[in-house]
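Taking it in order: structure first as structure tokens, then the write-up.
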Amino acid sequence: MKNRGFLLLILVLILQPVAAQAQQEDFKPEDMTTFIIQVPHGVEGNGLAVGNSTLSAYLFFESYYDGDMNVTVELDLPKGFVLHEASVHSFSLQTEYDDWYRLVDFYIPADTPCGTYNITAKAVVDVKGTKHTIVRTTQLKIASKKEVANKVSVSQLIVPSDEDGNGDPSHPLNTLVVQETSPALKKLLKVTDLKIEKEDLTSTYMGIKITNTGNSTIPVIVTYDILDTKTGEHVKAFKPDIMGMNADTLCYATVTLSPGSSSLISLPIYISQDAMGGDYLLRVKVKLTGSDWIAVTKDQKITAISRRWGPIITTFTASLLGLTALGFFFSRPREIMDRFKTRNLVMIALFGTVSFAAINLPMTILWELSHAIFGPFSFLFTGLFNEILLYMLITSLVVLIPKPGVISLFMTVRFLLGGFITGSFTPITFITLSVNAVILELLLYTAGITGKNPAPDNRFRMGILCGFADMASSYVSFSVWMVLYRLFYSDWYIAANILIDGFLYTFIGTWFGISLGNRLKKVAE
Amino acid sequence: MIGARSIAEPTIKDTVINRIDPRAKILILISIVFVAVSLDNQKTMFLLFLTVLSGFVLAKMPAIKIKTLVILLVLLIWGTIYSQALFYSQLPRTVIFTIIRPEFPILGWLTGGGLFVYEEGFHHGAVQGLRSASILSLGLLMCWTTDSRDMLNGLVGLRVPYSVAFMVITAVRFLPIIITEVATVITVQRLRGFNPTKFGSGIIKTLLNILTPTLANCVRRTGTLAISIQSRAFRANPDRTSLKKLEFSDIDKIVVAVCVFTAISVVIMKLIYNMYTSGIYYTSGLRPVYAIAGGYL
């Protein structure tokens with residue numbers, strides 16, 4: 001028994017070094033490792049570059065050997081190429097599937113002659129004292145700029161596109177829609193292809209088809225600018241800062257163009273809400289990887305359509321309100337008209353005549369004349385007639401006939417009279433007057449100024465109510481001008497108009513209108 | 001100086017335009033307003049404007065009316081150009097003049113970064129001014145070729161309540177009287193030393209001094225007029241007969257049908273097109289509509 005154990009021990013001692021030597025002799029570097037070189041990084045096969053480029057060579061080493069190995073990788077660049085770091089890297093891999101990679105930057109001087117250069121990477125693998133050498137060689141073609149520019153082209157630009165860069169016939173070509181993205185509107189509308197990324201940004205995509213007609217693989221970086229067509233300056237609203245970063249950091253794509261192939265890529269377009277509508281120049285730029293030199297540019301005129309839903313919805317609502325009020329009146333005309341005595345109707349008609357004679361007729365010329373002279377600031381002058389005089393008449397009429405509906409009838413007479421005599425049957429007049437009438441009627445009735453126990457004598461209350469009503473109708477009026485007549489107004493101008501014309505002048509007119517009404521009451525009595 | 005009367009009074013002649021039924025005129029006006037508001041294409045807008053102007057030639061409008069029209073149109077279009085040159089907010093835009101510099105104290109801040117005159121705004125204003133010009137011209141053509149009584153008959157024919165029509169008739173009838181009264185009061189105020197053009201509180205004083213006697217007269221007149229018309233059985237019967245019956249001629253019917261059809265078509269096509277451009281609705285079957293609306297409307 002003792003002899004058997006002794007023999008077994010001797011056998012183990014003899015066989016162990018033999019087995020170890022056999023394992024070492026079985027190590028085949030090509031089978032048990034992967035060693036890759038890509039120049040530039042991402043290019044499988046032979047790459048292409050131009051002079052004055054900084055490229056990265058990608059070195060990758062992976063072990064399939066179940067044991068330790070020490071590796072030394074050396075990158076051998078052609079003469080003239082400038083390496084930015086050490087050419088030799090050493091490392092150890094301990095287990096199977098352990099790997100190592102490195103991006104090694106180097107510079108190709110501008111005066112490097114055109115031609116094909118060999119770049120070699122050598123890996124010396126030390127497994128248990130035995131060294132194995134693996135060599136990889138790739139070629140890098142240095143081409144002239146002219147040659148590259150002839151080979152790469154942007155064959156198609158698709159704006160807007162889907163996320164993959166494909167065109168969508170459901171959206172007009174070369175058109176971007178700039179929309180408001182307030183939360184309420186987002187919920188209400190859900191109308192756009194533009195996906196809302198953030199509270200104040202919308203985005204869409206553009207598709208770019210790039211073609212490589214050459215025989216080399218070309219790595220490129222694609223980016224774009226949206227420019228002012230006249231000045232050629234960047235329009236920041238189309239590349240806003242995103243999360244504190246410049247949009248350029250997000251709006252680019254890297255592509256490796258295989259020989260004789262085309263690639264369709266997509267790039268995001270971010271649009272901030274303050275982007276203006278109009279015509280822009282979209283400039284797509286294709287740079288060779290590693291170089292700032294722009295190989296290809298492609299310009300395309302694009303149009304941005306500004307959709308301000310606020311004025312659109314205001315106009316729509318106001319039109320609906322006006323038509324509803326009209327429909328209500330037409331549905332029960334007798335019932336409404338019988339609430340007024342003949343005397344009331346005559347008085348309203350005569351007040352309508354006075355308003356027409358004192359406001360509409362002079363304003364037919366004065367309105368246009370003051371617009372022509374003072375331009376947009378004419379409201380400071382025309383407001384004296386349109387607001388102070390008008391509200392003096394309206395208030396005095398309400399003091400004389402404090403019934404619901406009196407203002408609506410007065411406005412109707414004004415509208416029809418204006419239409420018959422000066423031809424001002426315009427949608428703006430209709431919408432503005434009807435909204436003004438409805439709001440005034442509602443406010444005055446709710447505040448108890450008109451109705452069963454009317455109290456129209458409080459100047460301050462009446463002034464405030466009429467002021468608010470006119471502010472609302474002024475805003476509606478601007479919205480209608482902007483939507484139906486496609487006119488532009490600055491926010492500050494609208495605000496000034498609403499405050500001065502809409503509130504201040506109206507308040508003054510109402511204040512004096514009550515005095516006037518009280519005086520006329522004495523005449524009526 | 002263009003007198004108020006020359007603006008207000010219709011020119012009654014026996015022309016194609018004058019002969020159109022007032023109801024037809026109102027319907028044509030409403031249709032054209034819808035078309036004018038829907039259009040965006042400059043050439044089509046200009047064509048519409050010329051079409052409306054040709055109505056004045058057909059109506060053999062007198063020189064004074066044409067002169068009035070021209071003055072109003074020039075002022076209207078210039079007013080639009082002026083405002084749009086300042087507020088144009090599309091790109092590209094070229095500043096040709098600075099009114100308020102962005103760094104100007106208070107005003108620079110108030111105006112949100114200054115006030116400029118933009119070259120492109122002139123063009124935009126001129127184009128958009130055509131829209132208002134077409135509507136104004138057509139409105140004037142309608143009221144200058146139609147007697148106000150016929151127009152009111154037309155409104156009644158279009159189911160406007162007679163009481164409302166009566167109020168408008170009363171207003172129209174009393175208009176010359178009230179204009180004369182206002183003019184008289186202004187003269188009297190001037191003789192008393194008021195300056196109606198004095199800015200500030202002077203204007204309010206003047207307005208009060210003009211309005212008080214004018215409206216007092218109206219209030220006095222109201223009682224007399226009410227008794228007078230009530231004695232003639234105003235509102236005694238629900239239906240009212242008319243001395244002059246309005247009748248659509250065949251030409252009226254055709255013109256109205258064409259205008260209404262055109263207006264409905266244009267509005268629907270533009271609506272469909274805008275839904276397409278906004279990404280609200282698209283269907284490939286409507287491509288011809290998108291092409292027509294985008295290219296011509």
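Proteins come first, then strands; the chains are lettered A, B, ... in the order of their sequence lines, and each starts at number 1.
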Checklist outcome for this item: Honestly, the part of A:Arg343 sitting under 4.5 Å from a heavy atom of chain B is both
Item to check | Most contacts with chain B, counted as non-hydrogen pairs under 4.5 angstrom, among A:Val413, A:Leu393, A:Ile348, A:Leu487 | outcome: A:Leu487
Item to check | Atom group of A:Arg486 that falls short of 4.5 Å from chain B, counting heavy atoms | outcome: both
Checklist outcome for this item: Of B:Ile26, B:Thr170, B:Thr283, B:Val168, the largest count of non-hydrogen pairs under 4.5 angstrom with chain A goes to B:Val168
Checklist entry - Top residue by heavy-atom pair count (under 4.5 Å) with chain A, among B:Ala165, B:Gly129, B:Gly121, B:Cys218? => result B:Cys218
Checklist outcome for this item: Ranking A:Leu409, A:Asp491, A:Leu350 by heavy-atom pairs under 4.5 Å to chain B gives rank one to A:Leu350
Checklist entry - Side chains of B:Gln128 and B:Thr80: donor-acceptor distance under 3.5 Å anywhere? => result no
Checklist entry - When the aromatic ring centroids of B:Tyr276 and B:Tyr281 are compared, is their separation below 6.0 Å? => result no
Next on the checklist: If you count heavy-atom pairs within less than 4.5 Å of chain B, which of A:Thr342, A:Thr412, A:Val523 leads?
Outcome noted: A:Thr342
Checklist entry - For A:Thr229 and A:Lys301, does a side-chain donor sit closer than 3.5 Å to a side-chain acceptor? => result no
Next on the checklist: Is B:Leu138 in contact with chain A via its backbone, its side chain, both, or neither, using a 4.5 Å heavy-atom distance?
Outcome noted: neither
Next on the checklist: Taking the six-membered ring for Trp, are B:Phe87 and B:Tyr118 closer than 6.0 Å centroid to centroid?
Outcome noted: no
Next on the checklist: Between A:Pro333, A:Pro172, A:Gly278, who has the most heavy-atom pairs with chain B when the cutoff is under 4.5 Å?
Outcome noted: A:Pro172
Checklist outcome for this item: Most heavy-atom pairs under 4.5 Å with chain B, out of A:Ala357, A:Ser490, A:Gly513, belong to A:Ser490
Item to check | Part of B:Tyr290 within contact of chain A (heavy atom distance under 4.5 Å) | outcome: neither
Checklist entry - Salt bridge or not for B:Asp40 and B:Lys270, using N-O below 4.0 Å? => result yes
Next on the checklist: Need one label for A:Val483: side chain, backbone, both or neither, based on atoms under 4.5 Å from any heavy atom in chain B.
Outcome noted: neither
